[in-house]
Amino acid sequence: MTLPALSRSKIDLFLNCPRCFWLDVRAKIRQPPGFPFNLNNAVDHLLKNEFDRYRGGTTVPPRLQREGLALIPAAHRELPKWRHNFTGVRVEHAPTGLTVYGAIDDLWTDARGNHYVVDYKATAKKDEVTLDAEWQDAYKRQVEFYQWLLRQHRVKVADRAWFVYANGVKDEAPFDDVLRFRTKLIPYDGDASWVEPTLREVADCLAMKQPPAPAPECVFCDYVARASAIG
Ligand code: SF4
């Protein structure tokens, strides 16, 4: 069987439920699609525009200056491809034969040539944004996977990654077609040591003739099984 290239989100699907992953990749039975995050995508686009103005130059973007960070948006020649959803940073993993990829939001660099994975996030919540919720472990795995991908391309990547986290302000001000944000830079020190063993588990999963068991904490397979039993 010829395997498709696996995106970063497919690897996360495997970590959440190997059965769902197997059904998706081997049997082409996919979870119903969710709604598109159009406002989040708009914020990503605007942040890209903002940082692109300083890309490859000598001026630290004001947003980073305010945090005392001497980092510049990198101008690596592969960056347009690495940022594109359908190409991304692509790696052929020889030990498993898998091709894996992921599209980064941005890459910053310091004076010593270290590169920092950057991910843009957008939300709208009353409390200050953090990375503390359990579900945000997926965000951490995301940047760790990007760090691993870039290191396979011999990019000197620091363990430190940055989240540029825009939080929509909900106050009493009239809308007037203006949505305001408070944006916070959140550092995260990644550990990508899980990637290699996970890719081996992914390959083993895809070699199975039958799908693995459902994840016990997921309610949907149980719902389908009970609904199907009725006829
Ligand atoms: S247990 Fe949930 S996540 Fe896993 S295959 Fe079933 S529906 Fe998908």
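Atoms within a ligand are numbered from 1 in the order they appear, just like the ligands themselves.
A salt bridge links K121 with D119: the closest approach of a Lys/Arg side-chain nitrogen to an acidic carboxylate oxygen falls below 4.0 angstrom. Using a 4.0 Å cut-off between charged side-chain N and carboxylate O, D110 and R112 make a salt bridge. A salt bridge between D52 and R83 is present, with a side-chain N of the basic residue lying under 4.0 Å from a carboxylate O of the acidic one. A salt bridge does not link K48 with D44: every distance from a Lys NZ or Arg NE/NH1/NH2 to an Asp or Glu carboxylate oxygen is 4.0 Å or more.
Scanning the protein heavy atoms around atom 4 (Fe) of ligand 1, the nearest turns out to be C17 SG, 2.2 Å. Looking only at heavy atoms of the protein, atom 8 (Fe) of ligand 1 is closest to C20 SG, 2.3 Å. Protein heavy atom closest to atom 6 (Fe) of ligand 1, with residue, atom name and distance, is C221 SG, 2.2 Å.
Separating the OG1 atom in T109 from the NZ atom in K156 is a distance of 8.5 Å, to the nearest 0.5 Å.
Judged by the 6.0 Å and 45° rule, R90 forms a cation-pi pair with Y101.
The contact set between ligand 1 and F220, taken as ligand atoms under 4.0 Å from a residue heavy atom, comprises 7 (S). Listed by number with element, the atoms of ligand 1 under 4.0 angstrom from any heavy atom of P214 are 1 (S). Interface of A215 with ligand 1, defined as ligand atoms under 4.0 Å from a residue heavy atom, comprises 1 (S).
For atom 6 (Fe) of ligand 1, the set of nearby N, O or S atoms under 2.8 Å includes none belonging to C218.
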